[in-house]
Amino acid sequence: MQGKDSSAATVQAVPDDSIGEIQSALHSLSRALKRGRLHDYLLGQANVDCDQAGLAMLYVLNAAGTSLRLTDVAEQLSIDAPGVTRKAQQLERAGLVSRSQDQADARATRIQATPQGRRMISRFLAARRAWLASLLSSWPEAEQAEFARLLGRFVDDLRRQLERIAE
């Protein structure tokens, strides 16, 4: 109950016009980032040929730095396990991931990025980083740092809220 009370207090503390502006900006941001042209542009800059689902899986594996169970990848990507299995099979055929049996549970499969898969996601992330740096290049360094801090705080709060909703 305490979480609900503090959320209500927080909502009341922010002026309605600010909430409206934030809501509109988040909607525009979401739509802009989902556009295929940006994804295609970044793929071209990175010299990478992979769909968004494949890159998402490689990103999760790269961030983990180790092999993960298919169910863990599915949970992190918020998709069903059969979808992860199909994508893992495609990526394996392309030489981007390898699969192995889980030592703790022989019924489970683990996947990990191959060196080729790690190189691919690294090139894509470098292209995305360069694009973001270019986008923010006219911002003073202090504003970039403040934006990074506030965005990180927002994402942390968002994750906590979504975890509460899922309970």
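Values below: every heavy atom of this structure, side chains too, minus hydrogens, waters and symmetry copies.
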Say you draw a straight line from [atom1] of [X] to [atom2] of [Y]; how long is it, rounded to the nearest 0.5 Å?
| X | Y | atom1 | atom2 | result |
| --- | --- | --- | --- | --- |
| Gln52 | Tyr59 | CD | OH | 14.5 Å |
| Leu96 | Met120 | CG | CE | 4.5 Å |
| Ser98 | Arg110 | OG | CZ | 11.5 Å |
| Ser28 | Gln23 | OG | CD | 10.5 Å |
| Leu38 | Leu43 | CG | CG | 9.5 Å |
| Thr109 | Asp102 | OG1 | CG | 8.5 Å |

Side chains of [X] and [Y] in contact at under 4.5 Å (non-hydrogen atoms):
| X | Y | answer |
| --- | --- | --- |
| Val60 | Met57 | no |
| His39 | Leu55 | yes |
| Arg118 | Asn62 | yes |
| Cys50 | Ile121 | no |
| Val73 | Lys87 | no |

For Glu75, look at atom CD and say whether over 12 heavy atoms of other residues, nucleotides or ligands are found less than 6.0 Å away.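 Count not over threshold, so no.
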Tell me whether the count of non-hydrogen atoms from other residues, nucleotides or ligands lying under 6.0 Å of CG in Asp40 goes above 12.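 Yes, enclosed.
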On a heavy-atom basis, which atom in [X] and which in [Y] lie closest, and how many Å separate them?
| X | Y | answer |
| --- | --- | --- |
| Trp131 | Leu42 | CB-CD2, 3.7 Å |
| Ala113 | Leu61 | N-CD1, 3.9 Å |
| Gln116 | Ala94 | NE2-O, 3.7 Å |
| Ala88 | Leu70 | CB-CD2, 4.0 Å |

Salt-bridged, Glu146 to Arg149, with N to O below 4.0 Å?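 Salt bridge: yes.
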Between Asp156 and Arg153, is there a side-chain N and carboxylate O pair less than 4.0 Å apart? no
So, Thr85 side chain and Ala81 main chain: donor-acceptor pair closer than 3.5 Å or not?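 Yes, the answer is positive, given that a donor and an acceptor are paired below the 3.5 Å cut-off.
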Apply side-chain hydrogen bond (donor to acceptor under 3.5 Å, both in side chains) to Asp105 and list each qualifying residue two or more places apart in sequence or on a separate chain. Arg69, Arg107
List in chain and number order the residues that pass side-chain hydrogen bond (donor to acceptor under 3.5 Å, both in side chains) with Arg99, two or more places apart in sequence or in another chain; answer none if no residue qualifies. Glu92
Under 4.5 Å between side-chain heavy atoms, counting indirect links through other Ile/Leu/Val/Met/Phe/Trp/Tyr residues: same cluster for Leu150 and Ile19 or not? no
